[in-house]
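This report concerns only the one structure given below.
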Amino acid sequence: MNNTNRQAAARKKLTAFLLSFTLVGSLTAMSGPVPTKVFADEHAAAAEQPDVTDSANDPGAEVNASPAGASDADVQAFAAAAGSHDANFSPETLQFLKANTGLDGEQWDNIMKLVNKPEQDDLNWTKYYGYCEDIGDDRGYTIGIFGATTGGPNDEGPDGPDLFKEYDRAKGASNPSVEGALKRLGINGKMKNGILVISDSKSKFVSKINSLQNDAAWREAMWRTFYNVYIKYSVEQARKRGFTSALTIGSFVDTALNQGATGDSGSLEGILSRSGSSKDEKTFMTKFYAERTKIVDTHDYNQPPNGKNRVKQWSTLLNMGETDLKDADAAIKKVTDWELK
């Protein structure tokens, strides 16, 4: 049985167990308490569960009893399914994203999976906070979960400097700056005509960024920069058209980080200008995907046919009706099942 089916089976078994347990408790209440131990995985606090006993309301309580027919692995799979999405974010980042985008951890986790497939050919996007590479696209070094760049001939207004400035802020600088962050990290470089020029060797710089993978301040800076440069504009553009779905917001964010938020005809702003004015979300997004497909494999945005497959992920989910990106694990797996060239 694959992991998805095992998790689904675990849900059914655990639900049946809890319902039967509630019935037993109600029948025996007059004769005395039923000795029980109720458990929940530390990441399953958000899972909806019947209020069976007082201990069931304690997210830190442990349950040693297992549903009839369910193995410990089944129960653990259920708990993991309930909490795995939120576990990919810090509580502060979750709160920030919910307050500013209206989307929760599950929705943002799914958006990031869809973004990371064409970027890294991997759904496990959390492995890339410390990613750094010069991919030869004349945009300098590409860094982190949204591909911040240090700048070059193809990117004269890079977002990498914003990331370093945010890192300096997250580390407590009263007057945050790119230079302050570089000094903290022991990196030699300077700003020149809007581009962050790194004077260290490639191996040294890459190693420095790799070492930030689990740095809490770096992760916070990553999300704040991601929001300021791409997410905020994408959410604004969705809302001004009356759209609030996770799929539409995610589609706009993916376009913005891949092709730029504003500027030329290939940016999110440019594509939106050619996508019509329909107030029906599906009609508008169908046109949007068609317009993006025309250019997504040009201008070094993507290597053909990766760009078209990138857009197809989102358009297929739209046609499947998976617009809220909730309970969408199987759908996400299906649309990302393509070969990156």
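Throughout, residue positions are numbered sequentially from 1 according to the sequence presented.
- The ring-ring contact (aromatic ring centres under 6.0 Å, His included) with W218 is formed by just one residue from the set W223, Y129, F164; it is F164.
- For the side-chain hydrogen bond (donor to acceptor under 3.5 Å, both in side chains) with E281, the lone residue among T248, T286, T323 that qualifies is T248.
- S207 places no side-chain N or O within donor-acceptor distance of the main-chain N or O of K204, the cut-off being under 3.5 Å.
- Distance alone, capped at 3.5 Å, is enough to place a donor-acceptor pair between the Q313 side chain and the L114 backbone.
- With hydrogens and angles ignored, the 3.5 Å screen pairs no side-chain donor or acceptor of T126 with any backbone N or O of N88.
- Follow the hydrophobic side-chain contacts under 4.5 Å out from F252 and you reach I295 in the same cluster.
- Under the 4.5 Å side-chain heavy-atom criterion for Ile, Leu, Val, Met, Phe, Trp and Tyr, V253 and L272 are members of the same hydrophobic cluster.
- R219 and D215 are not joined by a salt bridge, as no carboxylate oxygen comes within less than 4.0 angstrom of a charged side-chain nitrogen.
- Here D168 pairs with R184 in a salt bridge; the nearest charged N to carboxylate O distance falls below 4.0 Å.
- Between W108 and F226, the ring planes lie perpendicular to each other; the angle is over 60°, past the 30° to 60° tilted range.
- Formation of a donor-acceptor pair under 3.5 Å by the E291 side chain with backbone atoms of I271 is not found in this model.
- For the residue pair W125 and Y131, no side-chain donor N or O sits within less than 3.5 Å of a side-chain acceptor on the partner.
- More than 12 non-hydrogen atoms from other residues, nucleotides or ligands lie less than 6.0 angstrom from CG of D280.
- There is a path of hydrophobic side-chain contacts, each under 4.5 Å, that joins V115 to F89.
- Listed for the D159 side chain is a donor-acceptor partner under 3.5 Å among the backbone atoms of T149.
- To the nearest 0.5 Å, atoms CD (E92) and CZ (F96) are separated by 12.0 Å.
- Within 6.0 Å of NZ in K165 there are 12 or fewer heavy atoms belonging to other residues, nucleotides or ligands.
- For Q95, the CD atom sits in a loose shell: 12 or fewer heavy atoms of surrounding residues, nucleotides or ligands are nearer than 6.0 Å.
- For the 3.5 Å distance criterion, the side chains of N154 and D137 fail to qualify, holding no donor opposite an acceptor.
- Side chains of T101 and Y227: no donor on one and acceptor on the other come within 3.5 Å.
- Enclosure of atom CG in N175 is not indicated, since only 12 or fewer non-hydrogen atoms of other residues, nucleotides or ligands lie within 6.0 angstrom.
- Using modelled atom types and a 3.5 Å distance limit, the side chains of N188 and D200 yield a donor-acceptor pair.
- Enclosure of atom NZ in K326 by more than 12 non-hydrogen atoms of other residues, nucleotides or ligands within 6.0 angstrom is indicated.
- In this model, a donor atom of one side chain and an acceptor atom of the other lie less than 3.5 Å apart for R292 and T255.
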